[in-house]
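One structure is given here, and the rest of the page talks about it.
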Amino acid sequence: MEKYGYRFSFGPWNIHEGADPFGPPVRPSLTFDEKLKVFNDLGFDAVQFHDDDAVPDLDDLSASEIAKQARAMRRRLEDHGLVAEFVAPRLWEHPMTIDGAFTSNDPKAREYAIERSKKAADIGRELGTNLMVLWLAREGTYMREAKDAVQATHRLLEAVNTLLEYDPQLRIAIEPKPNEPMDLAYIPTIGHALALGFQASDPSRVGALVETAHAVLAGLDPADEMSFALAFDKLWSVHLNDQNGLKFDQDRSFGSVDLRRAFNQVRVLDENRFYEKGMVGLDVKALRTQPAELATKHLRNSLHMFLRLVEVVRSLDRERINELIAARDYEELDWLILSALTGG
Ligand code: GLO
Ligand code: MG
């Protein structure tokens, strides 16, 4: 398979059992080794990890036990010819983080969140990656009056600084999302993520991850969100998927809802040589209706859609596009793009 210089990743949670808030799992779980085989079979290069995907039950383990298990995981990856792209602390499931992690009103909960994130950094080091993704799932409110948003912003900055200081190699990519699970999140867009990063003690080690669906949920265009980060060399990873309007976070296969929106994401990534900078990460879910033995096609489809769109982007007649832009003939430009997308 020609991958045009790109490397691709997804997380083990992207092969899932189909449970939703209204119904139980509909597919059996795959073991981690079965999942690794899917990475190989579909031509992926890297694995995205939550800390406890790599080291289950890490809250109950000593530092040396965590390091040992992380090293064992690294060997398993190596056996499959894979690497770890990043490790993300899972800060949204523990009872301590019910009302936020770094921004909880409870100092014990905030301390738990910091300690847990330090462990995630340790795991990353053992897995051979210095990239930490911070999806700030519960850093926000259900009730506006329940937290002080100014103070919460300072607490987020403090947490980032503490982690940067803890591990001098660590790079943090903030993954914004405007809502879900919270009603409203404190870091809803890339602008917010980068503003925080530029205030950090070492701004060169704070960047961002743009997820398609999250940008759409914020009412923004994902390609523009990516471009904003690319302009400052801050786009360190992406979570490509798709999203049908303003509703729950769907994590649909890349390009399956809005092909032109997908095209524009690939266009800005390719025009800015993202293949030299980061990995193309997916964050996609199989539809709940998908039978177990067919529940990896969303990954296949997303990767192949990305590659097809790279071909479309690279086949565009740049000179013609420049002429149309100079003539301000945007309707003809529209037709040129639509023709390319429909195989014309
Ligand atoms: C949920 C997020 C989630 C993160 C993952 C990595 O909406 O997209 O899937 O990307 O936990 O931190
Ligand atoms: Mg994501």
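All ligand and atom numbering here is 1-based and tracks the order in the structure. Just so you know, these numbers use all the heavy atoms, side chains as well, and skip hydrogens, waters and symmetry mates.
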Neighbour count above 12 (heavy atom, 6.0 Å) for Glu319 CD: no
Identify all N/O pairs between ligand 1 and the protein with a separation under 3.5 Å and present them as a table of atom names and distances.
from     : atom 1 : to     : atom 2 : distance (Å)
ligand 1 : 7 (O)  : Lys177 : NZ     : 2.8
ligand 1 : 7 (O)  : His214 : NE2    : 3.2
ligand 1 : 7 (O)  : Asp249 : OD2    : 3.0
ligand 1 : 8 (O)  : Glu175 : OE2    : 2.9
ligand 1 : 8 (O)  : Glu211 : OE1    : 2.8
ligand 1 : 8 (O)  : His214 : NE2    : 3.2
ligand 1 : 8 (O)  : Asp283 : OD2    : 2.9
ligand 1 : 9 (O)  : Asp283 : OD2    : 2.8
ligand 1 : 10 (O) : Glu175 : OE1    : 2.7
ligand 1 : 10 (O) : Glu175 : OE2    : 2.8
ligand 1 : 10 (O) : His239 : ND1    : 3.1
ligand 1 : 10 (O) : Asp283 : OD2    : 3.0
ligand 1 : 11 (O) : His50  : NE2    : 2.6

Taking the six-membered ring of Phe49 (Phe, Tyr or Trp), confirm whether the NZ or CZ of Arg76 is under 6.0 Å from its centre and within 45° of its axis. no
Quick one: does any side-chain atom of Asn130 pair with a main-chain N or O of Arg171 as donor and acceptor, under 3.5 Å? no
Over 12 foreign heavy atoms within 6.0 Å of CE, Met1: yes
Set of side-chain hydrogen bond (donor to acceptor under 3.5 Å, both in side chains) partners for Asn14, sequence neighbours left out: Asp283
State plainly whether the residues Asp167 and Arg205 are in salt-bridge range, i.e. N to O under 4.0 Å. no
With Glu115 via side-chain hydrogen bond (donor to acceptor under 3.5 Å, both in side chains) - residues at least two apart: none
Pairing of Arg155 and Asp148 as salt bridge, 4.0 angstrom limit: no
For the Mg ion (ligand 2), which protein N/O/S atoms fall under 2.8 Å? Skip waters. Glu175 OE2, Glu211 OE1, His239 ND1, Asp283 OD2
For Val26 and Gly18 the tightest heavy-atom approach is CG2-CA, 4.0 Å
